Protein chains: 2
Amino acid sequence: MNAANDGRPLYNQLVDILKVKIENEMQVNDRLPSERELSSQYDLSRTTVRIALNELELMGYVHRQHGKGTFVSNVVKGQTDLGGTYSFTEQMKSLGKVPETKILSFKTMKANQFVAEGLGIDVDTEIIKIKRLRLADDEPMMLERTYLPLSKFPTLDAEALQKAPMYDVFRKDYNQVVKVADEVLSVGIMTANDARLLSFYEGAPVLKLKRTTYNNKNEIIEYTLSVARGDKFTYHLRHQR
Amino acid sequence: MNAANDGRPLYNQLVDILKVKIENEMQVNDRLPSERELSSQYDLSRTTVRIALNELELMGYVHRQHGKGTFVSNVVKGQTDLGGTYSFTEQMKSLGKVPETKILSFKTMKANQFVAEGLGIDVDTEIIKIKRLRLADDEPMMLERTYLPLSKFPTLDAEALQKAPMYDVFRKDYNQVVKVADEVLSVGIMTANDARLLSFYEGAPVLKLKRTTYNNKNEIIEYTLSVARGDKFTYHLRHQR
DNA sequence: GAGTGGTCTAGACCACGGT
DNA sequence: CCGTGGTCTAGACCACTCC
């Protein structure tokens, strides 16, 4: 492989090389060099080449046909292939909007029955409750009520959340990586209180979103209820495979 | 490996063996035998063992820690890990409801501007338009208008769709495998016409769903607009990783 | 038959986590 | 230090596609 750029695994480096080649020099349905050719071209074992190609296949850049070869797929331009977005910030950016988050309140309290069920913990366990207003291009879009188990985020404060996206804080400060997020979407009606916060009118149709997030040990680390303005907010998602 | 059950790759067989072991004999956070132990226990190369463990990790059965070991996660009982469901039938089944589909109309026609854009084809290209009513436990839930490029499904008829789920027909009869599905969810208001078909009232809030489906060559094979009763329908989804 | 991707091996070295 | 998972090699045989 190219002498430079060490430290990273060779198959990752090959993924990057091939991504660039595909994007700049190849057309949809073009055949890539065979695994054996790539193997000798880049002086890698075929096993390593295959790991890289598997990666590219998962990302939708190529597809394979047994006995025929590996071919370029055409997602490529679909840039924002955030397959499985569950971040407001990312969603808005991918739509070309400028996202902003205002923390309306941040407090610790004891879990009531409802929250305890959502977080899979006992009633009266200490939790953090965060209320946030999400805006896009300065327009109020969504209201989020997030519940976190205090035991997993003992030192969290509002200030940290102002500085970085919540999931970044989870990962960097508390070593909590989001592995799975379950969401339930439904339609509802704007309450008087929410209407005031979202500068809209009571009784308007809203999109409701309930999210449960799990870490790599499959413990619940977040339970969030969101209410989004039905006239402004659309939810985009991509299923792969 | 066990003599029986050949034909299938060894790593798939190992995946099944370990799945059973994990479900029946192990607890959350138990450590699995090391890769080298599994390798000698089952008389497989470590490479093959690792492929199996990667598979289990992707499925959420285990998680790994460099230098420590491979540990049991606790999804296991969450059976319905249909990570990325985009099938009404599957969604309803997973909620314990009995799904049913009535085909209201099936016809070929020429694409207008709107459909042509949705399918990424030229105006006036021949297409199939299917209107279906989806019910759960005999209650009307959702109305779907599906547009397909006739060129990819030249012999499709309503009868075939009555017998099997649409994506099964795509795969078995036309060799079209769904690789990616993009969906956009939004909130809307029931039209008079839809209200009649869904036995509901005009002006009621509805969940609107727009789906674009791609095959493994990333060609669009389906464009569907759905309208679901806001009071009955919830949309469940799971993001992985 | 020649060429492709799919599976599998036996062994090596590295990086990380604990003792 | 040892044992763990992470990376990588060189080579083998199989299954599929096309000529």
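Convention: sequence-line order gives letters A, B, ...; per-chain numbering from 1. Values below: all heavy atoms of this structure, side chains included; hydrogens, waters and symmetry mates excluded. Not measured: the values here are computed from a predicted model.
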Legend entry - Any residue meeting salt bridge (charged side-chain N to carboxylate O under 4.0 Å, His left out) with A/Lys163, in chain and number order, not counting sequence neighbours: A/Glu159
Inset, instruction - Report, as a single string ordered 5' to 3', how protein heavy atoms within less than 4.0 Å touch nucleotides 6-12 of chain C: B base, S sugar-phosphate only, - not at all. - result: BBSBB-B
Inset, instruction - Give every residue pair that meets the side chain to side chain donor-acceptor pair (under 3.5 Å) criterion with at least one member in residues 111-125 of chain B, sequence neighbours excluded. - result: B/Gln113-B/Glu117
Inset, instruction - State whether A/Lys68 places a side-chain N or O below 4.0 Å from either non-bridging phosphate oxygen (OP1 or OP2) of D/dC18. - result: yes
Legend entry - A/Glu35 with A/Arg64: basic N within carboxylate O range, under 4.0 Å: yes
Legend entry - Side-chain donor-acceptor pair present, A/Glu222, A/Tyr214, cut-off under 3.5 Å: no
Inset, instruction - Using a strict 4.0 Å threshold on nitrogen-to-oxygen distance, state whether A/Glu144 and A/Lys131 make a salt bridge. - result: no
Inset, instruction - Output all residues satisfying salt bridge (charged side-chain N to carboxylate O under 4.0 Å, His left out) with B/Lys19, sequence neighbours left out; order by chain, then residue number. - result: none
Inset, instruction - Quantify the bending of the helix from C/dG1-D/dC18 to C/dG18-D/dC1 as the angle between its end axes, each fitted on five pairs, to 10°. - result: 10°
Inset, instruction - Hey, which sits more toward the 5' end of DNA chain C by its nearest nucleotide, A/Thr70 or B/Gly67? - result: A/Thr70
Legend entry - A/Leu56 CG to C/dG5 C1', straight-line distance once rounded to whole Å: 15 Å
Inset, instruction - Grab the CZ-C1' distance between A/Phe71 and D/dC16 for me, whole Å please. - result: 13 Å
Legend entry - All ring-ring contact (aromatic ring centres under 6.0 Å, His included) counterparts of A/Tyr174, not counting sequence neighbours: A/Phe153
Inset, instruction - Answer yes when B/Lys210 and B/Glu183 have at least one side-chain N-carboxylate O distance shorter than 4.0 Å, and no when they do not. - result: no
Legend entry - Between C/dG5 (C1') and A/Glu37 (CD): distance, integer Å: 13 Å
